[in-house]
Every structure is written in C-alpha cells, then in structure tokens.
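Here's the structure, in structure tokens; my notes come after.
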Number of protein chains: 2
Amino acid sequence: MISKTPAPPYWAVIFTSVRTEGDNGYAAMAEAMDRLAAEQPGFLGHEFARDGLGISVVYFTDLESIAAWRKNVSHMAAQKLGRERWYQAFKVRIARVERDYDFERED
Amino acid sequence: MISKTPAPPYWAVIFTSVRTEGDNGYAAMAEAMDRLAAEQPGFLGHEFARDGLGISVVYFTDLESIAAWRKNVSHMAAQKLGRERWYQAFKVRIARVERDYDFERED
C-alpha cells in the first residue's frame, strides 16, 4: 500500500479533500480514475486514506506527466463532477520530492 | 482540517505508514507530537488520515525547520518507539511544494 517509488527527485500531487454527504457516483468514478491514472505515462504510485479528511498522494516522474494527466479528457470530466457534487472543499499541492527514506519491520 | 498554508514555495513532509496491531501507547504519543509539532518554528499545518494506510502531511516553511523538528529530543524518542512498536512499515518523503490551488463550495 506504500508506493514503491524510485530514488528522488520525482513529483507528488497531494490532494486533500472534504466530501459532501452521500456517494453520488463517487466510489465508481474514484475506482475508474485510480485505474486510469495508473496507466498514464510517468505514473509512479498512488496512496490514499480517508477518515473525515481524505488525503490522496499520486506520484509522477515529472511535471509534464502531471500536466498531461490533469488535461486527460476522462479526468477532466471527473474533476468537473468533483466540483459540482463530491467535494465540499479541496486543496491540491504539487511538490517535488527531494529526499525519502523508509522503514520495514524485520519480524 | 485542510491546512491553510501560505503561497508556495514551502515544504511538505509526507509520512505514509502501516501500523502494527494494538495501540501500545501510540494514540497518546501521537496527540502529544501533534501539539509539539505545532509549536515548532516554521510549522505551517498538519493533515492526517488513516484507513489501513495512514497518511500524515506536515507543512513547514523551510528545510531547516524540518531538520530541527526531526532532531527535537521528544520527537526523537517518539521516532524510536515508532520503529520499536508502532509501525510495520513507513516511508517519509520530503518535498518542496511549488504550486497549489483550492476549491470551496459556495453553498
């Protein structure tokens, strides 16, 4: 579930959101967008968690890949529905990962 | 719950984790570390969500503030317990936020 990203530098799109009430078609679209994102050039991984606040982090090799994904026609339709139906509020932050390190329990 | 960060650039520490079973003192320490982090020079905000995978993003003004927080004595004790008790695995990514935008429903 923790994305196996390559050595930095690479890019992260941090999407923090608060949902509206009800599903309103969200779950199906989120699953479709997850699959579609994973097929995009430059995609490196996706991490997601929600309990009240939702945090989604998608990793890409470069800014051009992020721009292309943002302009993907299916993704643009989902973004429109996001503003119309699914999100009370969200913030998108585009960040360049400069360093990383990890830990895995040995037992 | 979405952090009100200033205009970029600023920095994000993305901490993605999988917990071990049980609390083992985690909840109390997490709350104490949240409070302590918020008092650090350069702290800008903290966003957190967990459902299976945990994602914590802490925002700081600069790399020096991140380095100082990492070396904070209480925080170092918590980091040690994290490796000994609380985490099955984690990954830390330090990233420079270059752009951001947001949305808030008007109704």
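Side chains included, hydrogens not; waters and symmetry mates left out as well; all remaining heavy atoms used. Below, chains carry the letters A, B, ... as their sequence lines are ordered, and counting in each starts from 1.
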Top contributor to chain A contacts, counting heavy-atom pairs under 4.5 Å, from B:V92, B:L63, B:D51, B:V13: B:V92

Heavy-atom proximity to chain A below 4.5 Å, by part of B:S3: both

Salt-bridge contact A:E106-B:R83 (side-chain N to carboxylate O under 4.0 Å): no

Geometric class of the A:Y26/A:Y87 ring pair [parallel <30°, tilted 30-60°, perpendicular >60°]: perpendicular

Selection from B:M1, B:R96, B:E84, B:E104 maximising heavy-atom pairs under 4.5 Å formed with chain A: B:R96

Ring geometry between A:F48 and A:H46 (parallel below 30°, tilted from 30 to 60°, perpendicular above 60°): tilted

Part of A:Y10 lying under 4.5 Å from any heavy atom of chain B: side chain

Ionic contact status for A:E39 with A:R35, cut-off 4.0 Å: no

Evaluation steps, salt bridge (charged side-chain N to carboxylate O under 4.0 Å, His left out), between B:R85 and B:E21: CA-CA 9 Å; B:R85 297 186 193 172; B:E21 297 273 315; over 6 Å; no

Residue, of A:Y59, A:W11, A:F15, that accumulates the most heavy atom pairs under 4.5 Å with chain B: A:Y59

